[in-house]
4 protein chains.
Amino acid sequence: MRPMLVSDYNEGAAPEILEAFQRTNMIQEPGYGADQFTLSAKEKIKAACDCPQAAVTFLYGGTQTNQMVIDALLKPYEGVLAVESGHINTHEAGAIEYTGHKVLALPEHGGKMDPDELAAYLATFYADANHEHMVAPGMVYITHPSESGTLYTREEMTAIADICHQYDIPLYLDGARLGYGLAAAPEVDLPFIAKTVDAFYIGGTKVGALFGEAVVFTKGNEPSHFMTRVKQHGGLLAKGRTLGVQFDTLFTDGLYFRLGQHAVDMGMKIRDILAEAGCRFFIDSNTNQQFIIIENEKMEPLNERIGYDFWEAYDADHTVIRFCASWATTEETLLALKEALAEVM
Amino acid sequence: MRPMLVSDYNEGAAPEILEAFQRTNMIQEPGYGADQFTLSAKEKIKAACDCPQAAVTFLYGGTQTNQMVIDALLKPYEGVLAVESGHINTHEAGAIEYTGHKVLALPEHGGKMDPDELAAYLATFYADANHEHMVAPGMVYITHPSESGTLYTREEMTAIADICHQYDIPLYLDGARLGYGLAAAPEVDLPFIAKTVDAFYIGGTKVGALFGEAVVFTKGNEPSHFMTRVKQHGGLLAKGRTLGVQFDTLFTDGLYFRLGQHAVDMGMKIRDILAEAGCRFFIDSNTNQQFIIIENEKMEPLNERIGYDFWEAYDADHTVIRFCASWATTEETLLALKEALAEVM
Amino acid sequence: MRPMLVSDYNEGAAPEILEAFQRTNMIQEPGYGADQFTLSAKEKIKAACDCPQAAVTFLYGGTQTNQMVIDALLKPYEGVLAVESGHINTHEAGAIEYTGHKVLALPEHGGKMDPDELAAYLATFYADANHEHMVAPGMVYITHPSESGTLYTREEMTAIADICHQYDIPLYLDGARLGYGLAAAPEVDLPFIAKTVDAFYIGGTKVGALFGEAVVFTKGNEPSHFMTRVKQHGGLLAKGRTLGVQFDTLFTDGLYFRLGQHAVDMGMKIRDILAEAGCRFFIDSNTNQQFIIIENEKMEPLNERIGYDFWEAYDADHTVIRFCASWATTEETLLALKEALAEVM
Amino acid sequence: MRPMLVSDYNEGAAPEILEAFQRTNMIQEPGYGADQFTLSAKEKIKAACDCPQAAVTFLYGGTQTNQMVIDALLKPYEGVLAVESGHINTHEAGAIEYTGHKVLALPEHGGKMDPDELAAYLATFYADANHEHMVAPGMVYITHPSESGTLYTREEMTAIADICHQYDIPLYLDGARLGYGLAAAPEVDLPFIAKTVDAFYIGGTKVGALFGEAVVFTKGNEPSHFMTRVKQHGGLLAKGRTLGVQFDTLFTDGLYFRLGQHAVDMGMKIRDILAEAGCRFFIDSNTNQQFIIIENEKMEPLNERIGYDFWEAYDADHTVIRFCASWATTEETLLALKEALAEVM
């Protein structure tokens, strides 16, 4: 089969994780997250975040995590503010609305939210004489890196957080690809994020785990009976150890950060290869995701040589496609990309 | 730590599964269940069920599976009939009601549903002049083995199915521990189940997988857009391969059945050990779960020596406890049980 | 058409209410409950309850009110305790489950809840080691009068309230027929109820209004943004004045109490007529509802002469039927009942 | 109190309706819509729509109707397409999302949907390789008259319907103010609407009823067990007669149309008065709603003289306000408007 740069979840897991499964397999542990591996992983994440008061919970996937956290943090009559291109607004099959909450969409700027537009939305809402008939904005959702591979600066993230706290609503950061963001922009590190936002998750599925995301409530604000609510949503794993073992491994000896660094290094090489091949970039990204605009007739020939992801239609004759590196991307695959571009472009 | 017979999910996974993860790890595959392992596993399960028209989907846990299947099979104004002790009615934190559906409870008989009581309920419902103001019974849920370790005979399961089909409502079988039922009562095999019920799941989490359940719709009745609905519920794994690899392994060379047989063999040995120690049984079970009634003051001393599961209060002075064997139970653990009983009872 | 004693909602509204609609019709008022009539009605109800801190909201029907109040008072992972025969558990088409909450059913005793059984349920729940996997009992629902026409004494209602408050969960009273209860058992009056329970509603639909129920939160415990939540449930009337005018009229010059007294007086006459005719009573009721057990073959002839309500099957040959008086029941109708019984029984 | 042109629900009901309540008050009828008035009203509406196969149901309010119809017509994984300014997307407190469905917003053009933009949205959705991860567009919602007082032509409505039917999704028309639309643009009459759309409602609350809306399913497409579902949503009135009496009256001797005509006539007079006073119009409307842009400092003085509705902020110094005529608007009120404008503008 031809090599793929379709997504960051085309392979299994980091070898260290499979080794940990082997090593711990026959140790008897209680279920539902009371096992020693889960407890250890929580402590390591709290330390990595420099946030002793954090409450950490492991869930198994990104959509489930967004659904669970947003539903638990919102009051029943509130909605969540996100940019139009936010994952919860586009590619989660209406999982937020399924829980009864509206996604309130703001314009997107390279996948990011503009603090001034956020402030304006909130001010306008409360100035509206009829706002008791409207969906109250009850929290803010951002992705870092964004769906377009862009990153917030410290200043931008702080500005959004300040507005949230002025209106007394939480800021939640979707870190499905956080490992890649930490590598690409080290100044927005885990302690800064833990200090700035009210809840976030550290993505495992896309950064070397078989599956799993680590939710962090940073301000003593874990929703009450959170485990029961996860169970009620159908999201509680009997063998919680499977999540504990993975995150314990990821946060031992800096594995999570090394996996992220590898993918970003490969992403930069992809960017160079694309630039050398004269490709037209859709957006400037310094993370593991790279987007180009391609003539429609070249899509099929290219796809036969190297796997990529359809992103969106650009115009009648062009399409945006994505190349996605991961913790598992090899030099052979990059070479295949180079050759494919040479033949097709 | 002292050995445990608390549950069938205290260890990791069957070694064959971990080996399969290792072997397939770096093979690139598409996400969301389109990988080769998932496709292969589906074919093997259809063959094992002798049901070519079956539609198989892999989900990650029992409560999620029950929630997903029941919500997808019921019409919005319908409820699901189950016995009072049914898992969905007791220990799923209201996951069915969370999707908007009532659990309509019938009496339980050793964890099982009585066909006559089911027939009477349905007849009474439709005879009620006000039934348009009531929750319509839209499907029937049974567990096999039941929560009490008991099993339906072919005749009993057929009787329930016949009533369901008379009222044109589906029968759904929760097989969280199906591997143990298949070993304890081989005449109720997969082809019989596939022929008799309209949907069921083959439990992986409790029968040797790290996690995962295989849902089977047997009559060309998979709900439309089922993948989208799973995503909407937050239940779709990006790395669907993790489920595919596990079930492909479980249904290769009869592994699933061997794991089940081991647990039942160990369950029978536990029953013998308990009987020899003069324990009073709560229910007669020939599966991997064994229940006894114990004096309250003996609970703590016993628990220090061997892990068991609290089941329910029996009376002011006695409690029902459960010993649970699994695919992973060792002779050493049985010896520990024997010694513990000798010291405490 | 033959006269009916089918229910207490077979006629329109008390004449005083229609007159009030006429009188106020062209007065311009703001919508959504900000009108002068609604404000006046709220004050009158607070005064009648001797409960200045009460928050009063008008909704349009009983099922909507139960759904709204219960959903707003429960936390998302909680269920509501009610007796098996409670209206929310039987004849509201699953409206509570529709909002995601389980109805936790206790045995019924003539339609009433036994305080000891309630206490036992709560104690058992919290003693269960697995209760984080179960639906937490988050409030208690009672009906007064009950669906069987029975009434709680002051002592019984206080006992239930004390248990609720010991567990820090609210007690909610469904007063769909409260006007008839107040007439039949005057010691359980509005001030006593307001002091004892945490929320209740004063039924209008069945006690002389065209429609409408008055919800009273008695302890400064109105859920936040309750109006928005009612709107979100689809329950907010643009012309809130229609509810205000009706309850303002009902609570002027004691009309609500007089309507209730008339129905109970007529109910007692019905009881006498039934007794004289040798009917077998199903339950002893001193409110406007009277239940008898009748031979199946007499049902049709009786129904041709006087309308009654099917209640439930009693045995293979007998059925329980209900005669229901109301604020509108006339002496002519009672005479028709008497004659019908004479001919049929 | 100063006169108001705030909304079309500031008064009670058309006198004919109150008279009908008086006339029918003591006639005994069964509940829940089985009464003679409801049956008669349904027939009259089917006749007025020239649509014998229509199924008519009476609900009590607009948000409830939208919530009920949309939830019942959509499959669980689908969303509803509406323009951004559509009532369901702005002023219903998230009632659609409460039922689990996303509102998919298209641009608005004077409150209306552009058929080409609708077609483009649907084509793009199905061309997207990832659309199984997205919310499927399952129906289209339009308002006629729109929230901005504008109207669809026959051609526009037909174009939208044709696109819907090409994609096999229903078109639903929110007719909260339909009576005013019928008067302003008589060519889009009830038979045309019934022939063109799949479901719509004839607004009562804003067109002379105390409350109530008539839902019409036009194509034999009433959702199964619709009454039970209405009950489940908390929306079923015990005294269904209250709705039947009103709509029976509205559709006797053309009352509904006369009420609509009066309001439109008054709306046109308001438009003339505003134009004469030199007001700047926000949008060109020929229905009962008129919108102007006003300097912020004039709002308070004007509001002291004549009631109007805040619509939205226009810029830092100006606001859009609405004057709304109704079936009940008097010449005295128009005179008051004229005088108020003369003093303030």
Side-chain angles (χ1 to χ4, degrees), chain A residues 30-35 38 55 57 67-80 95-104 125-126 128-139 167-169 221-240, chain C residues 30-35 38 55 57 67-80 95-104 125-126 128-139 167-169 221-240:
Chain A
Y32 305 112
D35 62 279
T38 296
T57 301
Q67 183 183 60
M68 199 62 241
V69 171
I70 291 169
D71 188 32
L73 285 180
L74 287 180
K75 298 189 188 73
Y77 54 89
E78 291 177 338
V80 53
I96 303 306
E97 290 83 2
Y98 180 73
T99 67
H101 300 288
K102 192 178 187 69
V103 178
L104 303 162
F125 177 82
Y126 286 105
D128 191 319
N130 296 314
H131 73 259
E132 286 280 346
H133 296 253
M134 298 160 69
V135 176
M139 68 188 289
Y167 283 91
D168 200 21
I169 60 178
N221 58 335
E222 189 185 51
S224 76
H225 295 79
F226 194 58
M227 191 186 88
T228 301
R229 296 200 64 182
V230 171
K231 177 102 184 181
Q232 181 193 34
H233 278 238
L236 190 64
L237 285 179
K239 290 180 181 166
Chain C
Y32 304 111
D35 62 280
T38 296
T57 301
Q67 183 182 59
M68 199 61 242
V69 171
I70 291 169
D71 188 33
L73 285 180
L74 286 180
K75 298 188 188 76
Y77 53 91
E78 292 178 337
V80 54
I96 303 306
E97 290 83 4
Y98 180 73
T99 68
H101 300 288
K102 193 178 186 69
V103 178
L104 303 161
F125 177 82
Y126 286 105
D128 191 319
N130 296 313
H131 73 260
E132 285 280 346
H133 296 253
M134 298 160 68
V135 176
M139 68 187 290
Y167 283 91
D168 199 22
I169 59 178
N221 57 338
E222 188 184 51
S224 76
H225 295 80
F226 194 58
M227 191 186 90
T228 302
R229 295 199 65 180
V230 171
K231 176 101 184 182
Q232 182 194 33
H233 278 237
L236 190 64
L237 286 179
K239 290 180 181 167

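Lettering of chains follows the sequences in order, A, B, ..., and the numbering in each one begins at 1. When reading the values below, keep in mind they use all heavy atoms of this one structure, side chains included, and skip hydrogens, waters and symmetry mates.
In this pair, A/H225 and C/Y77 present their aromatic rings parallel. The plane angle is below 30°, not in the 30 to 60° band.
Listed options A/K75, A/H133, A/Q232, A/H131 were ranked by heavy-atom pairs under 4.5 angstrom with chain C; first place goes to A/H133.
Residue C/E132 touches chain A through both its backbone and its side chain, counting heavy-atom pairs closer than 4.5 Å.
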